[in-house]
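Before any comments, here is the structure.
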Amino acid sequence: MADVMRYDDNCLFCKIMRGEVPSDRVYEDSFCYAFRDIHPQAPTHILVVPRAHLVNVTEINRENGDLIGHVFSAISKIAYREGIAEEGFRVIANSGPHAGQTVPHLHFHVLAGTQLGEKMV
Ligand code: AMP
Ligand code: ZN
């Protein structure tokens with residue numbers, strides 16, 4: 001598994017996972033942490049974050065692939081627990097400026113609870 005201890009002192013999501021900034025926790029395990037987005041864009045809007053400080057999708061590689069697989073299995077678990085698995089949800093990972101990424105710690109938005117906006121793809 002990727003270096004779970006990797007963190008950045010100045011990173012908001014690293015601070016949230018260390019309990020230095022409060023969050024509305026939904027799920028956690030040894031490798032990832034999930035909490036409700038502070039500005040929800042849908043009735044259910046959860047951020048699922050690997051504990052390791054990876055900046056975005058550009059830092060995913062063969063070495064940390066197990067970690068990313070683990071994060072997606074957590075997303076599946078969360079979807080069932082939140083009751084959104086049946087009706088469906090969308091997973092988004094903004095990576096870099098053109099995607100509008102605002103927090104430079106890899107995270108997956110899980111959006112659900114209504115008919116979601118028009119699909120871009
Ligand atoms: P992105 O723009 O894809 O980098 O997503 C960052 C997300 O983090 C945005 O949807 C913000 O609303 C959310 N966010 C920022 N600060 C917090 C916080 N303290 N607690 C929960 N969500 C946050
Ligand atoms: Zn971080």
Side-chain angles (χ1 to χ4, degrees):
M1 207 66 103
D3 183 6
V4 183
M5 301 310 288
R6 179 175 160 184
Y7 67 89
D8 181 328
D9 278 329
N10 298 312
C11 169
L12 173 63
F13 289 174
C14 284
K15 286 182 182 165
I16 283 178
M17 285 185 279
R18 281 147 66 200
E20 294 167 13
V21 170
S23 65
D24 187 358
R25 181 171 54 91
V26 170
Y27 171 89
E28 72 176 311
D29 61 36
S30 307
F31 301 104
C32 66
Y33 187 88
F35 54 104
R36 296 193 193 279
D37 196 292
I38 206 165
H39 294 125
Q41 303 300 313
T44 299
H45 185 172
I46 295 166
L47 300 173
V48 187
V49 180
R51 288 193 184 275
H53 179 84
L54 304 174
V55 169
N56 59 33
V57 173
T58 63
E59 295 198 341
I60 297 174
N61 55 42
R62 294 288 286 271
E63 277 67 53
N64 57 33
D66 283 358
L67 172 64
I68 303 308
H70 179 93
V71 171
F72 272 86
S73 75
I75 289 173
S76 171
K77 202 178 288 184
I78 290 164
Y80 281 103
R81 285 190 188 172
E82 289 286 313
I84 58 174
E86 288 285 314
E87 290 188 288
F89 56 94
R90 192 170 288 162
V91 180
I92 295 174
N94 293 318
S95 289
H98 274 188
Q101 183 180 12
T102 57
V103 179
H105 181 131
L106 177 64
H107 52 282
F108 298 94
H109 295 260
V110 177
L111 297 148
T114 188
Q115 187 62 50
L116 297 168
E118 195 181 338
K119 293 198 296 178
M120 208 174 161
V121 288

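Worth saying up front: this structure is predicted, and the values here are computed from it rather than measured. Atoms within a ligand are numbered from 1 in the order they appear, just like the ligands themselves.
- The structure places NE2 of His105 at 10.0 Å from CD of Gln101, a figure rounded to the nearest 0.5 Å.
- For CD of Glu86, the number of neighbouring non-hydrogen atoms (other residues, nucleotides, ligands) closer than 6.0 Å is 12 at most.
- Smallest separation of non-hydrogen atoms from Pro22 and Ile16: O-CG1, 4.3 Å.
- With hydrogens and angles ignored, the 3.5 Å screen pairs no side-chain donor or acceptor of Glu28 with any backbone N or O of Met17.
- Closer than 4.0 angstrom to ligand 1 sit non-hydrogen atoms from Leu12, Phe13, Ile16, Phe35, Arg36, Asp37, Ile38, His39, Leu47, Asn94, Gly100, Gln101, Thr102, Val103, His107, His109.
- Of all N/O/S atoms in His105, ND1 sits nearest the Zn ion (ligand 2).
- Cation-pi geometry between Arg81 and Tyr27 is not met at under 6.0 angstrom from the ring centre and within 45 degrees of the axis.
- Taking the six-membered ring for Trp and thresholds of 30 and 60 degrees, His107 and His109 have ring planes more than 60 degrees apart, a perpendicular arrangement.
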Residues Phe108, Phe72; criterion ring pair (Phe, Tyr, Trp, His ring centres under 6.0 Å); working and verdict: CA-CA 9 Å; Phe108 298 94; Phe72 272 86; 4.9 Å; yes
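- Remark: at the Zn ion (ligand 2), atom ND1 from His53 and atom SG from Cys14 enclose 110°, rounded to the nearest 10 degrees.
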